[in-house]
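Everything on this sheet refers to the single structure shown next.
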Amino acid sequence: MNLLDVLYYHYFLFYRKVLKDPDPHFATVLSFSFSESLLINGFMDIIALKWFCYQIALWIQFGIVIILIYCNYLLFHRSGRVKELLKERPVIRNSRVLSVTTTILFFLVTVSWLFLGPIYGKRLLSQCR
C-alpha cells in the first residue's frame, strides 16, 4: 500500500470522526498538503542554508503549498481515488496500530518544523557570515 494513501486516509478519519468537520475531504486535502509542504520546505531550507547560505523566499514556500494542494486534489479527488481509499481502508503491513503511529509521527515531525526550523535555520545562517 502506498504511504500517501495511508496518511491521507488517517488524516481523513481524524477530520471525519474526531473533529466532525462538515467537509472532511476539503480539510484533509488542505492539512495533508500543508504537512507535506512543511516537510519539503524544511529540507529545502536546510539544503539552501547549509550549502548555499541562501534563505528561500516566502513566496516560493507558499507556492509549494499551493502546488501540493492542487496535486493532492488531482491525485485523490479528481481521479476518484478517495472512494477506493474509503473502501480499502489502507494500512501499513496489515497493522492499524503501525499506520496510526506512522501518521501521528509524520504529523508531529512536520509540525515540529514550524517551531524548530527557524531556530535551526538561524543557526545555519549565522555560520555563513
Side-chain angles (χ1 to χ4, degrees):
M1 190 55 50
N2 190 356
L3 182 61
L4 288 178
D5 292 343
V6 174
L7 293 173
Y8 184 90
Y9 177 71
H10 284 92
Y11 269 64
F12 173 78
L13 288 181
F14 176 76
Y15 281 103
R16 189 177 76 188
K17 291 184 178 181
V18 177
L19 293 182
K20 299 185 187 323
D21 195 284
D23 190 5
H25 292 289
F26 180 69
T28 301
V29 168
L30 290 179
S31 63
F32 185 57
S33 299
F34 184 69
S35 292
E36 288 174 325
S37 72
L38 289 173
L39 186 67
I40 292 169
N41 286 332
F43 282 123
M44 284 178 32
D45 272 343
I46 289 173
I47 291 168
L49 287 171
K50 190 168 184 130
W51 284 289
F52 303 108
C53 292
Y54 175 75
Q55 196 165 16
I56 296 176
L58 186 61
W59 67 271
I60 293 173
Q61 294 177 353
F62 186 70
I64 290 172
V65 174
I66 299 298
I67 290 168
L68 284 171
I69 289 171
Y70 183 68
C71 289
N72 283 330
Y73 168 74
L74 291 178
L75 179 66
F76 291 106
H77 289 283
R78 189 76 180 238
S79 67
R81 196 170 179 178
V82 169
K83 293 176 184 175
E84 295 173 15
L85 289 177
L86 296 179
K87 288 178 187 174
E88 291 176 9
R89 298 179 181 184
V91 292
I92 300 172
R93 294 187 181 184
N94 296 323
S95 172
R96 188 175 183 280
V97 174
L98 180 62
S99 299
V100 171
T101 305
T102 303
T103 304
I104 291 171
L105 284 174
F106 175 76
F107 177 75
L108 290 175
V109 166
T110 57
V111 169
S112 70
W113 186 252
L114 277 174
F115 306 106
L116 300 177
I119 295 168
Y120 186 61
K122 187 176 181 180
R123 189 175 135 241
L124 286 175
L125 199 56
S126 70
Q127 292 176 354
C128 291
R129 297 182 179 140

*Aromatic plane relationship, Tyr8 with Phe76 - under 30° parallel, 30 to 60° tilted, over 60° perpendicular*: parallel

*Looking at side-chain heavy atoms only, is the closest gap between Phe107 and Thr103 below 4.5 Å?*
no

_Restricting to non-hydrogen atoms, name the atom on Lys20 and the atom on Lys17 that form the minimum distance, rounded to 0.1 Å._
NZ-O, 3.1 Å

*Which distance, rounded to the nearest 0.5 Å, do you find between the CD1 of Ile66 and the CD of Gln61?*
13.0 Å

*side chain to side chain contact (heavy atoms under 4.5 Å, CB included) between Asp21 and Phe26: does it pass, once the steps are laid out?*
CA-CA 9 Å; Asp21 195 284; Phe26 180 69; over 6 Å; no

*same_hphob_cluster(Val29, Phe12) at 4.5 Å side-chain heavy-atom cutoff*: yes

*Assess whether atom CG of Asn94 is packed by more than 12 heavy atoms of other residues, nucleotides or ligands within 6.0 Å.*
no

*asked:* With clusters defined by side-chain heavy atoms of hydrophobic residues (ILVMFWY) lying less than 4.5 Å apart, directly or transitively, does Phe115 cluster with Val65?
replied: yes

*Starting at OG1 of Thr110, measure out to CZ of Phe32 and round the result to the nearest 0.5 Å.*
9.5 Å

*Are Leu49 and Met44 co-members of a hydrophobic cluster defined by side-chain heavy atoms under 4.5 Å apart?*
no

*If you measure only the distance, is there a donor-acceptor pair under 3.5 Å linking the side chains of Ser35 and Tyr11?*
yes

*asked:* Are Pro90 and Leu85 packed together at the side-chain level, in the sense that at least one heavy-atom pair is separated by less than 4.5 angstrom?
replied: yes

*Is the shortest heavy-atom distance from the side chain of Glu36 to the side chain of Leu4 under 4.5 Å?*
yes

*Indicate if Leu7 and Leu68 have the same hydrophobic cluster label, given that clusters are the connected sets of ILVMFWY residues with side-chain heavy-atom separations under 4.5 angstrom.*
no

*asked:* Using side-chain heavy atoms (C-beta onward) and a distance below 4.5 Å, is Ile69 in contact with Leu30?
replied: yes

*Enter the distance from Ser33:OG to Ile67:CD1 here, rounded to the nearest 0.5 Å.*
11.5 Å

*To the nearest 0.5 angstrom, please state how far the OH atom of Tyr73 sits from the CZ atom of Arg78.*
5.0 Å

*Distance from Ile92 atom CD1 to His10 atom NE2, nearest 0.5 Å?*
8.0 Å

*Are any of the side-chain heavy atoms of Thr28 and Arg16 separated by less than 4.5 Å?*
no

*Val100, Val111: one ILVMFWY side-chain cluster at the under-4.5 Å cut-off?*
yes

*asked:* If you define the side chain from C-beta out and look only at heavy atoms, does anything of Tyr9 sit under 4.5 Å from Leu86?
replied: yes

*Would you say the side chain of Ile64 lies within less than 4.5 Å of the side chain of Asn41, judging by non-hydrogen atoms?*
yes

*Calculate, to the nearest 0.5 Å, the distance between atoms CG and CD belonging to Leu124 and Gln55 respectively.*
10.5 Å

*How about Trp113 and Val109: do any of their side-chain heavy atoms sit closer than 4.5 Å?*
no

